[in-house]
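As structure tokens, the structure follows; a few thoughts come after it.
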Amino acid sequence: VSAEPESGESLSVYGRVPLLLKEREYGTLSANGTCFAYAIATWCFLTGGYAAQLVGAVQGFVCLVAGNIIGVFLISFPLSMGCQRYGMEQIDACKPSFGQNGARFVLIFYLLNMLGWSGLILVMFGNGIQNILEAMGYQPGQWIVGAGVALGIWLTYFITTRGIHLLNIFNSIITPALILTVAFMLYMLFSAHGWDAISIAAPLDPYPDPAINYAIAVELGIASGMSWWGGIGFLARNTKTRRNAIYPEVLQLGLASGVACSIALFSGLVVGSEDPTEWMIPLGGIVFGVMALAFVALANITSTVVSVYASGLALRHLPGLRQRAWWQIVSITLLPLGAFVFWPRELYDLGDAFLAYNGTMHAPIGGILLVDYFFIRKQRINLRAIYESAPSGEYYYWKGFNVIALAGIVLGQITYFALYNPFSGATHWMFNVVPASIAAFLVPAILYWLGMRRLQPSPVSKADESARLISPNI
Amino acid sequence: MSTENKDEILVQDLESRIDALENEDEAAFGSFGRTDYIFLVVVGVLLPIIAMVLAA
């Protein structure tokens with residue numbers, strides 16, 4: 001058991017107690033609004049830029065929209081339903097399948113995903129500063145990018161440690177500005193270039209085989225959808241109805257985000273650069289271009305704040321960090337991002353491989369959670385056991401680990417790399433038929449289903465109110 | 001307030017939340033039926049797969 005965080009920090013904001021229905025904020029409109037604001041984020045620009053290297057506008061549009069929808073749906077369906085029904089945070093939602101301690105492995109993937117994206121968009125912030133200065137006639141060296149990342153880390157610390165209120169103020173300004181920027185980009189693309197020019201623009205840096213380019217673009221689309229895994233539980237546990245938990249995620253994080261990625265793809269193809277910070281001035285001219293660039297640069301900070309905020313909350317699962325002050329948690333979270341200050345270009349160039357690797361991280365987890373929640377538990381879980389660390393707890397398994405689920409993750413990773421290695425670019429012939437992240441979703445799901453059928457966990461029918469927590473892990 | 005008292009209050013709050021959520025009427029969480037499942041599988045999986053096959 002841990003005490004409330006220091007400095008009078010509210011557990012409803014910083015903690016992981018299950019939310020009651022009356023405490024939840026999101027109805028239909030607000031759930032869609034929040035998901036939409038979340039979906040139109042700067043990482044869409046990165047994803048679109050990566051796709052522009054491989055495929056043209058039509059194929060890229062299909063890969064990004066359809067891939068995003070599939071990716072979001074597969075990983076969010078069980079999480080949305082579980083987190084909405086029980087009001088729990090998403091690492092907690094992994095405990096029935098992975099075990100009390102096994103869920104911490106999922107936490108590692110979660111943090112890798114959040115911090116990887118944060119580092120990439122902080123470099124984008126640094127690139128944005130460099131391009132603004134160059135547009136104003138200055139010629140700063142490459143060091144300005146690293147300095148920009150350092151400034152971004154400090155701004156992130158400043159906003160995150162001042163709480164969710166300041167973040168909401170920033171978001172209320174930046175999110176509409178970013179939506180306007182995307183709309184402005186779309187308008188300029190079609191008014192200045194037209195669909196004919198966009199649709200015939202050649203990909204920037206494709207492989208010799210068009211089939212491989214298309215297969216990798218499909219993979220990027222699906223992996224991009226699966227990248228939303230980190231935000232699903234936070235959104236769903238705050239919704240009042242089941243439909244509000246899943247439909248806005250598919251519609252906004254899947255469809256709207258895919259469309260935003262596609263606008264970025266079109267921009268990359270027309271301008272001839274994968275770097276989003278190089279699109280704005282050619283598309284909008286010096287005045288509007290610099291303004292748009294400034295909005296995108298600031299939006300990178302708010303996106304990073306959201307990621308660091310979520311990562312900080314997730315770190316509360318670790319016993320040694322439950323009682324730490326919030327500023328200490330934020331500092332620990334930001335520490336690994338220091339690498340992006342010193343090697344911004346080198347790490348930024350690994351971004352497309354990192355995006356594809358998101359599929360490796362989240363696909364096996366998504367497959368296991370889907371089978372567990374819908375087919376093994378029949379949508380009934382033992383909420384008390386989620387918060388029970390005693391070995392007698394239902395989700396304790398073997399020393400706190402469900403070996404079947406963890407083996408599923410390993411098998412999922414092996415399956416993914418057997419089909420496609422995002423770091424070397426090596427592919428298996430089957431990769432042209434089955435996307436690696438779909439295979440890495442299905443294989444662990446089947447293994448888990450077979451394994452858990454032998455264990456035969458009993459479905460929970462009704463809460464036993466006489467039972468009390470022996471060793472609560474809150 | 002001592003740490004022990006805070007912990008006790010926190011656990012009591014958690015227990016009451018667990019009881020409330022586990023015993024909540026399912027209807028309170030909104031309806032979600034067969035049509036929803038079919039619609040989501042069609043829109044979330046089948047149509048995107050068809051689109052990707054056609055664009056290949």
Side-chain angles (χ1 to χ4, degrees), chain A residues 1-4 11 15 17-21 58-59 61-63 65-70 72-74 76-77 81 84-88 211 214-215 218 221-222 239-247 250-251 254-255 323 380 382-384 386-387 432 435 460 462-465 468-469 472 474, chain B:
Chain A
V1 178
S2 67
E4 188 170 348
L11 277 166
V17 291
L19 286 179
L20 301 174
L21 273 176
V58 176
Q59 283 196 329
F61 178 78
V62 172
C63 292
V65 173
N68 250 294
I69 290 174
I70 290 183
V72 167
F73 174 68
L74 290 179
S76 67
F77 199 26
M81 295 288 106
Q84 194 280 335
R85 173 59 184 84
Y86 294 99
M88 60 192 165
Y214 185 71
V218 166
I222 297 172
T239 56
K240 293 170 182 167
T241 68
R242 289 182 170 96
R243 284 180 178 156
N244 283 338
I246 182 69
Y247 282 100
V250 174
L251 190 65
L255 180 62
Q323 299 190 51
R380 289 291 301 177
N382 183 344
L383 187 56
R384 181 164 276 101
I386 296 279
Y387 298 94
N432 288 339
V460 178
K462 203 71 177 170
D464 179 4
E465 291 189 39
R468 285 291 170 255
L469 291 165
I474 191 73
Chain B
M1 193 185 291
S2 69
T3 302
E4 287 75 17
N5 284 341
K6 273 202 235 178
D7 288 348
E8 186 58 36
I9 290 168
L10 186 55
V11 172
Q12 282 174 9
D13 176 50
L14 175 62
E15 295 271 16
S16 68
R17 284 168 183 272
I18 290 169
D19 290 339
L21 282 161
E22 288 204 325
N23 292 304
E24 187 75 72
D25 181 6
E26 288 297 325
F29 295 93
S31 59
F32 200 88
R34 181 174 293 178
T35 314
D36 293 288
Y37 288 106
I38 293 171
F39 179 80
L40 282 167
V41 169
V42 169
V43 171
V45 180
L46 294 181
L47 286 180
I49 288 176
I50 291 169
M52 288 196 288
V53 169
L54 290 176

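Side-chain atoms are counted along with the backbone in the values below, which use heavy atoms only and exclude waters and symmetry mates. Below, read A as the first sequence line, B as the second, and so on, with proteins coming before strands; counting in each chain starts at 1.
Only the side chain of A:M81 comes within less than 4.5 Å of a heavy atom of chain B; its backbone N, CA, C and O stay farther away. For A:I386, no part lies under 4.5 angstrom from a heavy atom of chain B. Neither the backbone nor the side chain of A:V58 comes within contact range of chain B; no heavy atom of the residue lies under 4.5 Å from a heavy atom of that chain. Heavy atoms closer than 4.5 Å to chain B are found in the side chain of A:F77, but not in its backbone. For a residue to count as touching a neighbouring chain, one of its non-hydrogen atoms must lie under 4.5 Å from one of that chain's; by this rule A:I246 touches chain B with the side chain only. Heavy atoms closer than 4.5 Å to chain A are found in both the backbone and the side chain of B:L21.
Here the shortest heavy-atom pairing between B:A55 and A:Y214 reads CB-OH, 3.5 Å. The shortest non-hydrogen separation linking A:Q59 to B:A56 is NE2-C, 4.0 Å. Residue A:L383 comes nearest to B:E22 through the heavy atom pair N-OE2, 2.6 Å, listed as atom of the first residue, atom of the second, then distance. Closest heavy-atom contact between B:R17 and A:L19: NH1-CA, 4.0 Å.
The CD1 atom of B:I49 sits 12.0 Å away from atom CD1 of A:I69, with the distance rounded to the nearest 0.5 Å. With rounding to the nearest 0.5 Å, the separation of CZ in A:R468 from CD in B:E15 is 4.5 Å.
Heavy-atom pairs under 4.5 Å with chain B peak, among A:V218, A:L20, A:N244, A:N432, at A:L20. Counting heavy-atom pairs under 4.5 Å between each of A:I70, A:V65, A:V72 and chain B puts A:I70 at the top. For chain A, the option among B:L14, B:I50, B:L40 with the highest count of heavy-atom pairs below 4.5 Å is B:L40.
No side-chain heavy atom of A:R242 sits under 4.5 Å from any side-chain heavy atom of B:D36. Side-chain contact between B:F29 and A:Y86 is absent, with no heavy atoms from C-beta onward closer than 4.5 Å.
Of the charged side-chain nitrogens involved, none lies within less than 4.0 Å of a carboxylate oxygen, so that B:E24 and A:R85 do not count as a salt-bridged pair.
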